[in-house]
Amino acid sequence: MIKTAPGSVVFQNVSKTFGAFTAIPDLSLTIEPGTLVTLLGPSGCGKTTTLRMLAGLEHPTGGRILIGGKDVTMLPANERDVSMVFQSYALFPHMTSLQNVAYGLESSGIKNREARERAEEALKLVGLAGMGHRLPAELSGGQQQRVAVARALVLEPQVLLLDEPLSNLDARLRRRVRTEIRELQQRLGFTAVYVTHDQDEALAVSDQIIVMQGGRIAQKGSPRELYERPASAFIADFMGEANVLDCTIVAIENDSTVVDINGVSHRVPTVAERTGPAQIAVRPSAIRLEPSANATGFSGRIVHSAYLGDHVEYEVETGGSNLFVVGPVVENPLPPSSAVSIHLSSQGIALIGA
Amino acid sequence: MTNSIRRLDYVLLAGFVALVCLPWYRLEAGFFSLGWLSGFPLDQTSAPAVVEIGLHAKWWLTPLIVTFGVATAARLIRQPERRGAVLAACGAFGLIFLAVQGLAITFNGWTWAWTEALFGPLSAGQSSMGAGATLTAILFVLLFSFGLADRGVMRGDAFVVSAISLLIFLVVIFVFYPVISMLVAAFQAVDGSFDPDGFIRNIQDPSIWSLDCVIGGNRCGVAWRTFFLAIMTATGATAIGLCFALVATRTRFPFKPLLRILTILPIITPPFVVGLALTLLFGRSGVVTEALSWLFGIEPGRWLYGLTGIWIAQVLSFTPISFLVLIGVVEGVSPSMEEASLTLRANRLRTFWKVSLPLMKPGLANAFLIGFIESMADFGNPMVLGGSHGVLSTEIFFAVVGSQNDPSRAAVLAIILLFFTMSAFLAQRLWLSGKSYATVTGKGDSGAHISLPRPLSVGVHAVVLPWIAFTIIVYGMIFFGGFVKTWGLDNSLTLQHYIKAFSIGWRESGSIAWTGVAWNSFWTTMEISLISAPLTAIVGLLTAYLIVRQKFVGRGLFEFALMMSFAIPGTVIGISYIMAFNLPPIEMTGTALILVACFVFRNMPVGVRGGVAAMSQLDKSLDEASLTLGANSFRTIRKVTLPLLRPAITAALVYSFVRAITSISAVIFLVSAQYNMSTAFIVGLVENGEYGVAIAYSSALIVVMTVIISGFQLLVGQRRLRRENRVNIPGRAAAAPAAVIKEKAA
């Protein structure tokens, strides 16, 4: 059975520039041993650069990187105790899957027979027992992906790095494989750093999520914290779509806050720090639309609606900006240009920066 | 113990060997004869560096030992960055000092007067560098590289840093040092002192620069004649090459495979062979000349021996090269451009003139410049056909080997030749780069090329068909000519030329006696080519790997400098090699080593190009995956990159092997009695008027190379067969790895 000794990861004031372009201005972060941490962000936010610096494929321009308490800043990739699952898998096309998995073991000087045995064990671990003789071209996408994971895991690294490992799989397979990866990580207890731009994936697998923007950490926290207490409008929108509305905090109570949105008062289950103008993130499904006849909420007008099988999407014009609303399928969807009143439910609403 | 300390230990250990256990200076009998062991280590000629310093007053070698001492002390520095700084400084200083002392002190003491004035006269000089000095130089390069790697250069990858440093070191020694030596030689008198008279006299020589032919009357200078010839050849080869390319891609010409064969010809034909065949056709006793004389009473003339003959031979020789370049250009014009033009009411002729041809212009300019450089550098054809009306490359040759023996003149002529080819090369690289309209993208460009308009098609065929016939006749002459007794005088068939060249007898002892005159040079050629081919492939592919896969400061310059060596004409390389490697500090003339070095650095750019093309198709994450799996970059190359590059390796091997066999221009300067190459031997035969044997030998060489190339292609073909076979094994979905790689790269 493969046992990994989890290691911590520490970045101390790491910076990275490519020529005149600064990818990472100043990054400090700590990853606890045995946790799965996701680096999340739009493309170009520096998450892949961060991962590659951790792998030793790029060297930082400044700062220090520690893995398991040891300074590895200048150590080349092949001398670091980390291994990586690549976005393209990067399986060697001229080697069988067994040879691929055994490759790293042989590189570290383990004898042929032992390397083979351990590689077979690793293939069994990812559910590919008996497939060792196949070339990568003879495996399905999901199987290739699992060979890539086995190849990285068999080295029992302190930290496993995953660079968008699911992006080459179709949607259904993606869901299954991400569950498998998470299950494997929890069973074996290794530290994992996972890069993705898909917030669903991040929410599903992570202990901690680090959202990055422009080479900086925008927010760090558990999936629940990020979703429910976004630090900025950017995060609120990035972690699942959100309508960002201006509001005024009227009163702060023991376990909730009362806000005023377009003249309608509403209770949010978080505690704000001070009263005054603020912003609030409202998930599309947290908005309920009703015909304006029975108006108690603030009012708007349907611009556009689209029927999507299990739900209906609306675009609603209000005084300020347009709202994106997901509603249940009803017998008679609201027709365009009809006036509606807008109600907020208590779930799916978060004060930004609270 | 870390990797970094371990590799340092190896270098220090090797340094001990270099200074204490190996003869420092060059041995006349050669290092591998091992005769030096008897007098070792005290004998002055074969003593190691420490003994030379202690017993033979070579005090100037002391700093080298001190440098190694400092490097050994640096081993104790714990912090890699500081240790790296010391090591890099040691390596750089050692290398520079080694070079300076080698250049400053030769056989008779100080080279330069001012050093003698500064340090006082020496009691003894020194000879050329030998095994110990060579190893020491390499070790200094490694020390320097390891130092930089310790400081985190190239992500701390010692293999990559060492590879880059060693390549630069080798290119400096074998390309730049000779060329610079040649430039220096142009300003030196025979005794080595500074003397610009020779340069001034030669550079103003009317026989080089005269423009008499323009103002009427006499012949122009050799520089202008070579220049005009190159322009004419480039024009002719480009025009005919374009016709061939159009026929191959835009017509329904039924014999297109024949055109493909035509492209292989210049690779396997020794360069002077076309000239030889032309003499058999149009020479004073050639078939055509005699027929014309007999039919119409036209007096046999000597018109072939001069620029006209050279021009015909060169156009014949270089048309296939231009065809090869232009076929990509013609195919690269996007069909949708032409289709767009057609839908805009332009007919096919207008489309061709207004759209297709303008889009091909940069490609045509490129083919022209390549033809220009090839013509300038050509040595074989002018040698055979030029007679006394030589071009620059042959003039250089006669300036050193002939009765005039004027190295300064040879150097000046070589500088002029180098100036012409370098200008063309720079124009090609700087002016044309980025001007190509050829749109070869990964995306499918649907639509087919329109066929040529009828009048153009007729015209193009009218050029191509006779030219093919001409080429076939010329090559037919080569094979037929070897069986004719004395061309023109006695046309009876005979095997005597082949017997003279390739006869085999039996010694009394029962072993084979290679009695033919050609065997000696033939085996030498095979041996040298077999040694240099793998070296060329290694150096070329390693360079390609560094250029494609590693980012480092000056990568563009690095690539440019390497490619530049391709634009240095062989004659210039030849003359610069004998000027650089005939005297201390590096002495190699007359050895097999100088031939091997010449081939490796002349043919390497082709390996680089092939390797760059092949490697760009391999997904970079394969390398990175290997690195993160704990393999160092050397293991990555061996286990991942090389197996995936097998076709490119095969191509590089075959090409460099064949080029080594057919090359003449540089080789003719470097051969010796002991190491004579086939081509140089054949040119010697031609000079002696032994055309029959020369042609028999040439055709034998062509046959050998055809066999070798087909053999390699059969091997590559078999690999594909095996893959196809695998499809039939049930349960194995097979796909060509190359396709997979491309997919992943996309």
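Lettering follows sequence order; numbering is per chain, from 1.
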So for [X], is it side chain, backbone, both, or neither that comes closer than 4.5 Å to the heavy atoms of chain B?
X: A:Glu106; result: both
X: A:Arg52; result: side chain
X: A:Phe92; result: both

Hey, are B:Thr628 and A:Ser83 close enough side-chain-wise for a donor-acceptor pair under 3.5 Å?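 No - no donor-acceptor pair under 3.5 Å links their side chains.
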
Mark yes when over 12 heavy atoms from residues, nucleotides or ligands other than [X] sit less than 6.0 Å from its [atom1]; otherwise mark no.
X: A:Arg116; atom1: CZ; result: no
X: B:Lys639; atom1: NZ; result: no
X: A:Phe18; atom1: CZ; result: yes
X: B:Arg555; atom1: CZ; result: yes

Notebook entry, point to check: What is the minimum heavy-atom distance between A:Asn78 and B:Ala631, and which atoms define it?
Noted result: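 In terms of heavy atoms, the two residues are closest at CB-O, 3.1 Å.
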
Quick one: [atom1] on [X] to [atom2] on [Y], what's the gap to the nearest 0.5 Å?
X: A:Met74; Y: B:Ser4; atom1: CE; atom2: OG; value: 13.5 Å
X: B:Leu627; Y: A:Glu79; atom1: CG; atom2: CD; value: 10.5 Å
X: B:Lys620; Y: A:Phe86; atom1: NZ; atom2: CZ; value: 10.5 Å
X: A:Glu58; Y: B:Glu624; atom1: CD; atom2: CD; value: 7.5 Å
X: B:Asn632; Y: A:Ser107; atom1: CG; atom2: OG; value: 8.0 Å

**OP:** Check each of A:Asn100, A:Val154, A:Leu105, A:Leu155 against B:Leu629 using the side-chain contact (heavy atoms from CB on, under 4.5 Å) test, and report the only one that passes.
**Re:**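 Of the listed residues A:Asn100, A:Val154, A:Leu105, A:Leu155, the side-chain contact (heavy atoms from CB on, under 4.5 Å) partner of B:Leu629 is A:Leu155.
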
Set of residues satisfying side chain to side chain contact (heavy atoms under 4.5 Å, CB included) with respect to B:Phe159, sequence neighbours excluded: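 Side chain to side chain contact (heavy atoms under 4.5 Å, CB included) list for B:Phe159, sorted by chain: B:Asp157, B:Leu542, B:Ser633, B:Phe634, B:Ile637.
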
Interface residue of largest heavy-atom contact number with chain B, from A:Arg151, A:Gln87, A:Met84, under 4.5 Å: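 Top option by heavy-atom pairs under 4.5 Å: A:Arg151.
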
- Pick one of side chain, backbone, both or neither for B:Ser626, based on which atoms fall under 4.5 Å of a heavy atom in chain A.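 Backbone plus side chain of B:Ser626, per the 4.5 Å heavy-atom cut-off to chain A.
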
